[in-house]
Amino acid sequence: MPVSTAMPNRVIPVLALAALGLVWVLDLGVVLPNRIVAGTGYGLYGATGWAGAFVVTALLLAAGLLATRPVPKRFPVLAVLLTAALMFLPLLLEALATRRLPADSAYARIGIGAGFWSLAFFLALMLTETMHQLKASRHLQLTAALLIILGWWVCARREGLGSLSLLREYNNQADQFTQALSVHLLLSLGAVLISAVLAFILALAMVRRKSWRRPLLGLVSFMQTIPSLALFGLLIAPLAALSEALPVLQALGIRGIGWAPALLALIAYSLLPMVRNTFIALMEVPEAVVDAARGMGMSERQIFFQVKLSLALPVIIEGVRITTIQAIGLTAVAALIGAGGFGTFIFQGLGQAAMDLVLLGALPTVFLALAADAVLSALNVRRAPGD
Amino acid sequence: MIELKGVTRRFGETVAVDGIDLTIETGEVCVLVGSSGCGKSTTLRMINRLLPRSSGDILVDGEDVNDIDPQALRLNMGYVIQSTGLFPHWTVARNIGLVPDLLKWPARRREQRVNELLTLLGLDPQTDAARFPHQLSGGQAQRVGVARALAGDPNILLMDEPFGALDAITRELLQQEMLRIQKQLNKTTVFVTHDIDEALRLATRIAVMDQGRIIQHDTPEAILRQPASTFVENLLGSGDRGLKLLALRTVGEVMERHPEPRRPASDTTGLNEADSLRVALSAMVWENATQLPVLSKAGCEVGIVKREQLLQVRP
């Protein structure tokens, strides 16, 4: 709950103290002799020296202290401070590289430590709380997020971070990365789109026919309970057989492995949240509203589009949001059956014990899910009537 | 004019409405009153074809409603229900503009009509038009519901327990508004309620229903004076029938009018012409007076009403 500006804020100081503890205890970064061998960890002081340690400590203390003081405009100041801190966070790793990276080794690289992630995470939480206190508009929140991304992008392009292991992995695989991105998006969004259409039809059928409700809900719930790996695996044999039997399918690139079984499995998983939300949303339109609409002389078509669907849309979009996030995550697993996408890097990295290659697959997957969440939530906020 | 001839409605084995005949004249308010399950709502919903009838004829201005396209039929019949049925995702203005919108009125005319109705129902076009239904009180929401029903300027108004969910004070206020608006617009109205006082107050004629049949169809006064059966008698309640009778007449009908309005004595309580005789009697008991002056809106004394005149209402 937002409280009056005069009240001391307790959340931000607690977060700041937690961040301070973690950043001093955990390793900020690691210097690795090459991509596989375990490296030497460096804490905040070891990595950045007195100057860096002072800046980080002072910033966290200042933010925590400021939040407890009844200073007017403290939250706008905090917002600017925290956004700037997050923007330039990668400079800490750059300091580590400058100070600790052996100059004579072409394979030496910098890994990101738990301390860095903790700091980034807690700063982000503090910024979220600040935005909440400010009752910041979506516009402002989006601007802050974009500024932070811009900051990281600029930092990543600087010479000093060229030795960052993650970036090295990226540079090695830049082409594959772009391809993985497009495959990942096509697979997950394609599955969401197809299952949205299917779910809509199924939900309509369930609304119309009472006897279909239990079996249909049971079926889509059952599909959800199959472990994803198993479903991917189970689809290989029948699809391979189909593809053998029908040359048309072969020409389309449908085989036992690859995108076809992945897409099918993703659609199967997406059906439950979509069908359930669409069905519930349509059923929950108040009977009185429909009665009034009909009594006022609206046609069934007008009632469906202007009243029922309109009222159901926020819940349906919520279903699409959950499904999209889920599908983006599951697509990473689909790399196991050769579907491509960011999962490829994750499984390659696991195979080669190269954790930064795993990160190269995992981070963009998380980022895509967050972006999908933000876009679809924004869509819903815009539709909700004012209060 | 609405005519129901031998109209029956069955739900499976049960007969909800059992061969009723009812004529509702143009411009009158016909109140269907009875306990729940007596078939009054079913009757109403058959008029605008929200429910199909099992047998019989329903004619509106001589034309069978089954021969009219249901949407066209309903666009010409305002419909108000107890739970308002306002569209929660539309503003008040858009809710009221629904029928004009369906009738494809030009935007300008629609907007004008919405403002006109907001004013008529005692809402503020400036502030209330842009609000959403969940921001309104129960009384305001039902005002919007009535405004929406009137928006297309229909000939007929169907109201299904419109004030049933409101508190007593708001209900009475809306009943007053309804009388005022009806005097102005003269819509042929079918009004369903289980509240006999509401029926006596609003009706031109009352149709008392029980078990799918019409027990008595007459003016409020006639029903009060000669209830057709013990059922009607019980519905009226025996305790305050005299007071109910007084409530049907206004002070203006029985007062002795002064030839010239005069200045009232400063300390007396006055009545209005529109006050019911029941209110007048209550005031006299309270004031311990045998007569009270009747004041105009401007505060002039226009006449006088005496206690014995009130008591002569039942000859």
Side-chain angles (χ1 to χ4, degrees), chain A residues 1-2 135 137-138 200 203-204 207-211 277-321 376-387, chain B residues 41 44-45 47-51 68-92 94-104 130-135 141-142 144-152 154 156-162 165:
Chain A
M1 282 309 289
K135 291 178 193 156
S137 62
R138 270 204 171 259
F200 193 69
L204 275 189
V207 169
R208 297 248 164 94
R209 275 164 232 245
K210 230 175 179 165
S211 58
N277 273 47
T278 310
F279 172 67
I280 290 174
L282 287 174
M283 290 301 286
E284 276 186 351
V285 174
E287 197 50 51
V289 171
V290 177
D291 182 48
R294 197 169 287 133
M296 299 306 296
M298 287 179 106
S299 66
E300 292 306 312
R301 198 189 160 81
Q302 286 165 330
I303 292 173
F304 184 77
F305 284 104
Q306 293 184 39
V307 181
K308 286 187 186 168
L309 195 57
S310 242
L311 281 173
L313 211 52
V315 184
I316 295 177
I317 291 178
E318 180 62 17
V320 174
R321 189 182 71 87
L376 288 165
S377 306
L379 214 69
N380 241 0
V381 167
R382 274 173 73 159
R383 292 198 43 85
D387 49 312
Chain B
S41 282
L44 183 97
R45 290 165 68 85
I47 295 174
N48 66 358
R49 290 183 59 188
L50 283 175
L51 284 174
I68 308 172
D69 169 65
Q71 270 135 259
L73 178 80
R74 291 168 194 158
L75 285 172
N76 196 20
M77 289 184 177
Y79 183 52
V80 187
I81 55 177
Q82 179 172 349
S83 48
T84 73
L86 294 178
F87 298 170
H89 58 310
W90 285 12
T91 60
V92 165
R94 206 169 160 207
N95 265 295
I96 297 177
L98 171 64
V99 173
D101 199 34
L102 293 173
L103 292 169
K104 300 207 162 53
R131 296 166 83 186
F132 283 90
H134 69 94
Q135 297 168 307
Q142 199 50 282
V144 176
V146 175
R148 177 175 68 172
L150 291 170
I156 291 167
L157 209 52
L158 305 179
M159 305 178 90
D160 194 352
E161 303 213 28

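What you see below is based on every heavy atom in this structure, not just the backbone, and it leaves out hydrogens, waters and symmetry mates.
Comparing B:Leu102, B:Asn48, B:Asp160 by how many heavy-atom pairs each has under 4.5 Å with chain A, the most go to B:Leu102.
B:Leu75 touches chain A through backbone and side chain together, each having a heavy atom under 4.5 Å away.
Between atom NE2 of residue B:His89 and atom CD of residue A:Gln306 there is a gap of 8.0 Å, rounded to the nearest 0.5 Å.
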Result block: side-chain N/O donor-acceptor pairs under 3.5 angstrom for residues 77-87 of chain B, not counting sequence neighbours:
residue: B:Tyr79; atom: OH; partner: A:Asp291; partner atom: OD2; Å: 3.0
residue: B:Tyr79; atom: OH; partner: B:Arg45; partner atom: NH1; Å: 3.0
residue: B:Thr84; atom: OG1; partner: B:Leu86; partner atom: N; Å: 3.4

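Every residue two or more places apart in sequence or in another chain was checked for a side-chain hydrogen bond (donor to acceptor under 3.5 Å, both in side chains) with B:Arg94, and none qualifies.
Just one of B:Arg148, B:Gln71, B:Arg74 meets the side chain to side chain contact (heavy atoms under 4.5 Å, CB included) condition when paired with A:Met296; it is B:Arg148.
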